[in-house]
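What follows is a short report on a single structure.
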Amino acid sequence: MTKILKKRHRKEKWFRRMGLISLALALLFLGVIFGDIFYKGYPAFLRTEIFVDSGRNDLLNPHAPYHFNKGIQWIIASDDVDMYMKHGHQGKLSQNQIQVLENLKKKDQIRLTFNWGFFTHSDSREPELAGIWGSLWGSLLTLIVTCLTAFPLGIGTALYLEEFAPKNRLTYLIEANINNLAAVPSIIFGLLGLVFFIHFMHLPRPSAVVGGLTLGLMSLPVIVVATRAALSSVPSSLKEAALGLGATPLQVLFHHVVPYALPGIMTGVILSFARALGETAPLLMIGMVAFIATPPSSFLDPATVLPVQIFNWSRSPELGFIENTSGAIIILLVMISFFNGIAILIRKKFES
Amino acid sequence: MTLKINVNHLNLFYGNKQALFDVSLGFPEFQTTALIGPSGCGKSSFLRCLNRMNDIIPNAHVDGQVLLDDKDIYAPSVDVVELRTHVGMVFQKPNPFPRSIYENVAYGPRIHSLFKSKADLDQIVEKSLVRAGLWEEVKDRLYQPATRLSGGQQQRLCIARAIAVNPEVILMDEPCSALDPIATAKVEELIDELRERFTIVIVTHNLQQAARVSQQTAFFHSGYLVEAGETGALFTIPQDARTQGYITGRYG
């Protein structure tokens, strides 16, 4: 008896140890990934500027001539200079140019400052001028379309299926298919968007409205499943209490069921929102991968979104774009963590 | 003695399965009727026929007559929402809404617009809580969440909530099965007081409780109404062998 008991305790100890080991491994990988991204990405938030009177236009960015005579004191340097200042890479710089740079350093006519342009510029062929402003706008417009279409449709579908629909073979079939759709790869939704919204409905090609609708299609099943799970967790005793008092089914739904299920619904909605924010593949299918240097001013303008911007930059050979890629990943991660944090807060607030 | 509810030849089906067989029973006004019987005998199903709570169960089907004040509650012209303002219900497990005590009681009057002003509503809430014997315990914390009350208090709150819409009949589905003996005693006392204004139907597993609170008792077995009559008579000289077996504890 004591022997068996010892064995049982030993097994439990082992199980716990295994759990701890896997947790530690997961944290290690997470740490390595984040560490790598931050290490590579933080220089993207800095840029090299050269004093306007240096007289060496070959060290400035290709667009610098447009900035002369506008009273600007410091001009953004070219990406080769930027790389030399940040990492000491010589790149395409000649010995003479490096000499000049060292002299400028001594005269304090070259400096590293915070890269505001990374947030206020749109995409550019020049890494030192490229920024995320345009793609942030694209993401915002796209997600507005997603919110306006997927959330009311998804929540409405879930409410109807869970509370009003008769339970028969047809609704069972619909339910099973919604669950399957939630597991369909997102690129398939991109194909659907391409065929339906662009080829069939002739909506303008790389626009926020097409992207938003496509992401909306992708989010719909997830929202329906999450909302239904939240609704079905409402105790039936609560519904019976209200029905017994003479509330109509609609009153039961909106006075009792929805408020009770709201934290769950909100969590599902925000998580699917965060997923839509980070989604890339379906947008590649509908052509949002195009190079877009101006922020979209309407839902029909050509637009790109932050994750696609990251994808675009990651394919560029310039060293400056590697930094930009990691920098944009940091911004995207911060935004997604922010939304997930909101989801947690809502859950906590309603639980208490 | 007038009959508040009169049930004639009621049959209840869940899909193809018949749960109640040809039940006929009258409920005298301002009296408490206890429905007793072993688990699964159909007494709760029968209770739920009286305010059409079975409507929410898919493919539940009723035939026969349930007359409330001589009007058939299953007639197509009857609005089930209105019916439930006349026939209130208290459930097995206390199920207050996750809101304040005040809002729990005020909910019924609110959805049926039974008041003219806030003062009016305050009065309804107070009166209902007084009648449910809960006022003294909660008058200083009306705006606290109802879920913080004890189980017995929650159940009396549910009773207050039911009487706030001023029903004529109150159905109680084993209202004390989740309560301790002291809370049970309070609820039983309350049932006895409520009888002055309401007709009460109570389902119970507890035979002593049926004997204590009811004037009429009906014994159900496997979907059949075996025997019904004045409570004292049913417990002392049961007519049917099954009734005798049940009340003497031979099965159940």
Side-chain angles (χ1 to χ4, degrees), chain A residues 157-176 178 227-267 345-352, chain B residues 15 44 47-48 50-59 79-99 103-114 128 145-147 154-155 157-167 169-173 178:
Chain A
T157 307
L159 287 177
Y160 179 75
L161 277 179
E162 191 66 30
E163 302 293 328
F164 294 107
K167 303 272 177 275
N168 55 29
R169 199 165 287 221
L170 180 70
T171 48
Y172 177 76
L173 201 71
I174 292 174
E175 279 177 42
I178 288 175
T227 307
R228 290 196 59 183
L231 289 174
S232 65
S233 73
V234 177
S236 60
S237 65
L238 197 64
K239 296 183 212 170
E240 284 187 339
L243 279 175
L245 280 173
T248 62
L250 199 69
Q251 285 174 325
V252 174
L253 184 63
F254 285 108
H255 294 174
H256 302 286
V257 175
V258 169
Y260 194 94
L262 201 59
I265 297 176
M266 291 297 287
T267 311
L345 273 184
I346 288 177
R347 166 136 287 178
K348 282 266 176 280
K349 183 165 181 266
F350 281 91
E351 263 174 4
S352 58
Chain B
S44 279
L47 187 79
R48 284 161 176 260
L50 303 181
N51 67 344
R52 291 182 56 176
M53 264 324 241
N54 285 328
D55 285 15
I56 58 171
I57 299 169
N59 62 46
D79 187 340
V80 67
V81 168
E82 200 211 328
L83 168 70
R84 286 176 190 153
T85 63
H86 299 301
V87 185
M89 191 157 188
V90 177
F91 297 84
Q92 187 169 359
K93 239 182 78 193
N95 54 357
F97 301 131
R99 305 180 178 189
E103 279 305 320
N104 262 278
V105 184
Y107 182 70
R110 266 194 214 285
I111 57 173
H112 300 300
S113 313
L114 297 180
S128 308
T147 40
Q154 286 187 11
Q155 194 61 298
L157 178 67
C158 292
I159 294 173
R161 182 175 67 186
I163 60 186
V165 292
N166 217 3
V169 181
I170 301 176
L171 308 177
M172 298 186 173
D173 191 356

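In what follows, chains are A, B, ... by sequence order, proteins preceding strands, each numbered from 1. Values below: all heavy atoms of this structure, side chains included; hydrogens, waters and symmetry mates excluded.
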Check whether any side-chain heavy atom of A:His255 lies under 4.5 Å from a side-chain heavy atom of B:Arg99, and answer yes or no.
yes
Which residues, numbered in order, of residues 230-239 of chain A come under 4.5 angstrom of chain B by heavy-atom distance?
A:Ser237, A:Leu238
Close approach to chain B in residues 157-176 of chain A, criterion heavy atom under 4.5 Å
none
Nearest-0.5 Å distance that lies between atom CZ in B:Arg52 and atom CG in A:Leu243
12.5 Å
Which atom pair, heavy atoms only, marks the closest approach of A:Ala241 to B:Asn95?
CB-ND2, 3.3 Å
Taking ring-ring contact (aromatic ring centres under 6.0 Å, His included) as the definition, give me every residue that meets it alongside A:His256, ordered by chain and number, with sequence neighbours left out.
B:Phe97, B:Tyr107
Please flag which part of [X] lies under 4.5 Å from any non-hydrogen atom of chain A: side chain, backbone, both or neither.
| X | answer |
| --- | --- |
| B:Arg110 | neither |
| B:Pro96 | backbone |
| B:Val80 | neither |
| B:Ile56 | side chain |

Residues in side-chain hydrogen bond (donor to acceptor under 3.5 Å, both in side chains) with B:Asn104, at least two apart?
B:Arg161
Hey, is OH on A:Tyr260 packed in by over 12 heavy atoms from elsewhere, all under 6.0 Å?
no
